[in-house]
Protein chains: 2
Amino acid sequence: MTERQIEQVRRFNRIVTQHVGALEDSYLRRGRPLGQARLLHEIGPEGIEVRALRDRLKLDSGYVSRLLRALETQGLVEVRSGKGDGRVRKAFLTPKGRSERATYDTLSDELAASFLAPLDPAQRDRLVAAMAEVECLLRAGEVELRFEAADSAAAQSCLERYFGELAQRFELGFDPARSNSASVAEMTPPAGFFIVAWLDGEPVGCGALKLADAITGEIKRMWTSPSARGLGIARKVLRALEDKARETGLARLHLETNRTLSEAQALYRREGYAEVAAFNSEPYAHHWFEKRL
Amino acid sequence: MTERQIEQVRRFNRIVTQHVGALEDSYLRRGRPLGQARLLHEIGPEGIEVRALRDRLKLDSGYVSRLLRALETQGLVEVRSGKGDGRVRKAFLTPKGRSERATYDTLSDELAASFLAPLDPAQRDRLVAAMAEVECLLRAGEVELRFEAADSAAAQSCLERYFGELAQRFELGFDPARSNSASVAEMTPPAGFFIVAWLDGEPVGCGALKLADAITGEIKRMWTSPSARGLGIARKVLRALEDKARETGLARLHLETNRTLSEAQALYRREGYAEVAAFNSEPYAHHWFEKRL
DNA sequence: CCAATTCTCTGACTAAAGTCAGAGAATGAC
DNA sequence: GTCATTCTCTGACTTTAGTCAGAGAATTGG
């Protein structure tokens, strides 16, 4: 990365914190100490466990307790023991607290509007588009890949969602049992690998590498959660699997895909996979690809 | 502005403050109280007058004084009376303070780099471009227009810089005396108007409207500071002058321009000015424009 | 030269933010 | 059933952040 880029990022940081930060502070605290205001926002309409609150805001337990007491005496919050574990207490908004939060919401809208107000419509569109792009790329930067056991909770949750989606998208539905196998055993080292993409502590994508023979690997189970599309997760996963394949000494990778998955095909072509004749009889496949490593 | 836009701005605010804000705090304070850290950054390599410091950070005079004392006892800062006015004191960084600031600089670079690091080169370019766009548009939103007396300090500073630039750009140089007049009197209500664009308390652009006859106005002295180009300032100034012209009951606007000022011509065309035959003998003009209001 | 003003500093505050060491109840492991 | 652990809370702090009133020097306007 170049000096120019770093310079731009720094300038951006400065300007944006000035704008957002300065305004947020004066605007959104509504005369309340920052600590209390933060708590109030963090307690959603569903309530939140006190320990979760502590965790999220990274505050001392005594401090949180005191802040909650303050909000309670203002009649904004109610803390009561939830059902289940009697030690854990949960904070809820009272009606008054809810309306306070609603006011905050309105102000937050106003703050956002104040960014747009001085601009003309064309500039507004540009600003919004650029903000979406920044947001998307910052989030993309937060994605973390980790190889996981194929039978881990995260892996299984990905696979379930993946199969569910295939069932919806394929003309004929999808039944994993009819498809060529990629069993847990086949995706467990050293027979294969399963990788999970994480974002904000949630699994949002996956992919698997299955060693077919001494020189051939198969890419399987490539999936990205709809909530995390457009962040380049699939590409990252694919590249990570390719690295792993190279490391393992493989010379080529195979994969097949269904014609309804056009984004996937575009990705494979972009990443250097060439369409080849069918190398297996996967019933759900319409295209077969190969890449030499 | 639409709900979708506001939603996007809010999401952007949230994400960015999380990223920048959270990191900046823990990263850049280096164990120092925020107030001290802010002061340390604001005292540049040249030193800074204490009152300027107060102004910039909007802090109480007693508070600043105390913070400076704290930095002094840490050996980071030295406060001494400057030459000239004996009341005004100026804060300077000691060598130790300078190195402390250098460390901060490095960390700030690292922070910026941490945004870029997880991305691939194409994504980095996209992020940097989007950040530049956001920065530019946020700054554009901060521009303020004010009608000012044509002989005010701001107006004169703009005009001086404007003439200086013309002298550089025109093949034949530029001598205001040879050019068609737009004297202070002619730009003073009700004979005419002078408008100044402000950004961060600095004049960064100007424009004038001179009433030629009962139905005709002339646009003159359109200029934007090089430091503020690309923010749409000229367009804003032009539109404000047009509004003023309409208000005054004018039916058409005239303006002329030199062939070297191609951006200006593009602007005039975009804003609905049509090129017409020369309506005066301005020696520096190559193109004459008219717009019906 | 005098009076008003400007600039910085100190003393004396208050409020918020945050830390630390337990106490007391509930739970989990064995 | 006992003991260690978990979770929340209170009391007793410290440090930051920020305000206010005024003192004392230097400067400016007339």
Side-chain angles (χ1 to χ4, degrees), chain A residues 17 21-22 24-43 47-74 76-93 100, chain B residues 17 21-22 24-43 47-74 76-93 100:
Chain A
T17 43
E24 284 222 320
D25 248 37
S26 60
Y27 225 65
L28 301 179
R29 288 172 51 172
R30 316 234 311 117
R32 213 182 305 286
L34 183 58
Q36 291 180 25
R38 291 211 301 162
L39 246 67
L40 207 49
H41 305 154
E42 211 58 52
I43 304 173
I48 186 172
E49 291 185 357
V50 172
R51 61 179 171 184
L53 213 44
R54 263 202 315 265
D55 258 32
R56 289 233 200 130
L57 301 176
K58 304 213 164 67
L59 296 175
D60 176 83
S61 103
Y63 187 30
V64 167
S65 183
R66 225 177 302 281
L67 289 171
L68 284 172
R69 280 313 79 65
L71 290 171
E72 265 183 337
T73 62
Q74 290 168 62
L76 300 169
V77 159
E78 203 180 336
V79 181
R80 45 178 197 266
S81 306
K83 49 206 89 142
D85 194 330
R87 291 167 304 182
V88 181
R89 308 245 289 158
K90 213 169 158 186
F92 297 88
L93 293 174
E100 194 59 26
Chain B
T17 42
E24 284 222 320
D25 249 38
S26 60
Y27 224 67
L28 301 179
R29 288 171 53 173
R30 315 234 315 117
R32 213 182 305 287
L34 183 59
Q36 289 179 27
R38 292 211 299 161
L39 245 68
L40 206 49
H41 305 153
E42 211 59 51
I43 305 172
I48 185 173
E49 292 186 357
V50 172
R51 60 179 171 185
L53 212 43
R54 264 203 314 266
D55 258 30
R56 290 233 200 130
L57 301 176
K58 304 214 164 65
L59 296 175
D60 175 83
S61 102
Y63 186 30
V64 167
S65 182
R66 224 177 304 279
L67 289 172
L68 284 172
R69 280 313 80 63
L71 290 171
E72 265 184 339
T73 61
Q74 288 168 64
L76 299 169
V77 159
E78 203 181 335
V79 181
R80 46 179 195 265
S81 306
K83 50 207 87 144
D85 193 330
R87 293 166 305 178
V88 181
R89 306 247 288 159
K90 212 170 159 185
F92 297 88
L93 292 175
E100 193 59 26

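No experiment lies behind these values; they were computed from the predicted model shown. By convention in this document, chain letters (A, B, ...) are assigned in the order of the sequence lines, proteins followed by strands, and residues within each chain are numbered from 1.
- In the set C:dC9, D:dC7, C:dT8, the nucleotide with an atom closest to the side chain of A:R54 is D:dC7.
- With no hydrogens or angles considered, no side-chain donor-acceptor pair links A:T73 and A:R69 at under 3.5 Å.
- Atom CG in B:D55 sits about 13 Å away from atom P in C:dT6, given to the nearest Å.
- Closest approach of A:L67 to A:L39, counting heavy atoms only: CB-CD2, 3.7 Å.
- At a cut-off of 3.5 Å, with distance as the only test, no side-chain donor of A:E100 or A:Q74 sits close to an acceptor on the other residue.
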Can you name the atoms? Protein N/O to nucleotides 19-26 of chain D N/O, anything below 3.5 Å, with the distance.
residue: D:dA26; atom: O3'; partner: B:G86; partner atom: N; Å: 3.2

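- Nearest-nucleotide mapping onto DNA chain C: of B:S65 and A:Q36, the residue sitting toward the 5' end is B:S65.
- Checked by atom type and distance alone, the side chain of A:E72 pairs as donor or acceptor with a backbone atom of A:V79 at under 3.5 Å.
- The two residues B:A91 and B:V77 have their closest heavy-atom pair at CB-CG1, 4.4 Å.
- Across the protein-nucleic acid pair, A:E49 atom CD and D:dC9 atom C1' stand 17 Å apart, rounded to whole Å.
- Nearest to the side-chain atoms of B:R51 among the listed nucleotides C:dC7, C:dC9, D:dT16 stands C:dC7.
- For the pair A:L34 CG and D:dA17 P, the interatomic distance rounds to 13 Å; values are reported in whole Å.
- Taking atom CG of A:L39 as the reference point, atom C1' of C:dA17 lies 13 Å away to the nearest angstrom.
- The distance from atom CG of A:L67 to atom C1' of D:dT10 is 14 Å, rounded to the nearest whole Å.
- Close to D:dC9, at under 4.0 Å from its OP1 or OP2, lies a side-chain N or O of A:R69.
- As rounded to whole Å, 15 Å separates atom P of C:dC7 from atom NZ of B:K90.
- Between A:R32 and A:L76, the shortest heavy-atom distance links the atoms NH1-CD1, 3.5 Å.
- Atoms CG (B:L68) and P (C:dC9) sit 7 Å apart, rounded to a whole Å.
- Rounded to a whole Å, the CD atom of B:Q74 is 14 Å from the P atom of D:dT15.
- Summarising the geometry of B:A70 relative to B:Q36, their closest heavy-atom pair is CB-NE2, 3.6 Å, with the distance given to 0.1 Å.
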